[in-house]
Amino acid sequence: MHISYHIFSLLSFALIDQSDIVTMLIIVVVFFSILLLLGIRKSYKLKKENERLDKISEEMAKQKEEYKDFTEGHMYGNN
């Protein structure tokens, strides 16, 4: 009986307590929650930036494109 008590005390010392497991799980959940929130925030910012760039692209497409002939006066352009 005395030997089994010592074996049990050694095993209980080696195992992790339930409170330690809960603490580790809370830390992991908080860490991944922060990562998730940062990812959602970044996604929202990228969506807004994409909408802004689409609007600029549409405005540029509506504008009349005027090209200036830059070859005038070029020494090789007008023979």
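Annotation: side chain to side chain contact (heavy atoms under 4.5 Å, CB included) contacts of I34 (sequence neighbours excluded): V30, L38. With sequence neighbours left out, the salt bridge (Lys or Arg N to Asp or Glu O under 4.0 Å) criterion links R41 to no other residue. With sequence neighbours left out, the side chain to side chain contact (heavy atoms under 4.5 Å, CB included) criterion links F31 to L35. Listed by chain and residue number, nothing satisfies the side chain to side chain contact (heavy atoms under 4.5 Å, CB included) test with L37 (two or more places apart in sequence, or in another chain).
Residues L36 make up the rest of the hydrophobic cluster containing I40, defined by ILVMFWY side-chain heavy atoms closer than 4.5 Å, directly or through other members.
For the atom pair CD1 of I26 and CD1 of I21, the computed distance is 12.0 Å after rounding to the nearest 0.5 Å. If you take CG on L53 and CE on M60, they are separated by 11.0 Å, rounding to the nearest 0.5 Å.
S33 places a side-chain N or O within donor-acceptor distance of the main-chain N or O of V29, the cut-off being under 3.5 Å.
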Can you give the donor-acceptor pairs under 3.5 Å from side chains of residues 42-52 to other protein atoms, not counting sequence neighbours?
residue, atom, partner, partner atom, Å
E49, OE1, R52, NE, 3.4
E49, OE2, R52, NH2, 2.7

